[in-house]
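Report on the following structure.
Positions are given from 1, in the same order as the sequence printed here.
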Amino acid sequence: QVRLVESGGGWVQAGESLTLSCQVSGSIFRGAVMGWYRQAPRQQREFVARVGMGGTTGYADSVKGRFTVSRDDAKNMAYLQMNALKPEDTGVYYCSLEAMDLWGKGTQVTVSS
């Protein structure tokens with residue numbers, strides 16, 4: 001059974017940084033596109049970033065230049081480095097193994113002004 005577990009969320013002030021991690025169990029991680037999404041209170045889940053095989057990346061316009069997505073295939077890990085955080089970045093962050101529509105349970109990020 002494939003499981004995704006996020007970690008690294010927390011409470012920070014605007015302008016600070018956090019790094020989220022996503023541990024994926026199972027060998028299916030290799031080559032899979034991993035996505036990061038977030039959901040703010042009373043809003044729909046939205047795309048944040050994704051990293052594909054070979055490290056190809058994509059970002060939502062709202063996080064370009066501030067967030068960096070990466071992966072470590074040897075460790076079955078995906079990461080989301082978040083810099084210059086803003087209050088509007090607050091939400092629950094989820095990682096997803098997109099091809100299989102698999103999701104973790106999320107990690108809370110709260111950014112205060």
Less than 4.5 Å apart, side chain to side chain, heavy atoms only: is that true for [X] and [Y]?
| X | Y | answer |
| --- | --- | --- |
| Met34 | Leu97 | yes |
| Ser17 | Asn83 | yes |
| Val111 | Met82 | no |
| Arg66 | Asp89 | yes |
| Arg38 | Ser62 | yes |

Do [X] and [Y] land in one hydrophobic cluster if side-chain heavy atoms of ILVMFWY residues count as linked below 4.5 Å?
| X | Y | answer |
| --- | --- | --- |
| Phe67 | Tyr94 | no |
| Trp36 | Leu102 | yes |
| Phe47 | Leu85 | no |

Exercise. To the nearest 0.5 Å, how far apart are OG in Ser21 and CD in Gln81?
Worked result: 9.5 Å
Exercise. Ring centres of Trp103 and Tyr37 under 6.0 Å apart?
Worked result: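 Yes - the distance between ring centres of Trp103 and Tyr37 falls below the 6.0 Å cut-off.
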For this session: Answer yes if the side chains of Gln13 and Ser112 hold a donor-acceptor pair under 3.5 Å, and no otherwise.
Result: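 No.
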Exercise. Taking it one step at a time, do Val51 and Tyr79 satisfy side-chain contact (heavy atoms from CB on, under 4.5 Å)?
Worked result: CA-CA 9 Å; Val51 57; Tyr79 304 96; over 6 Å; no
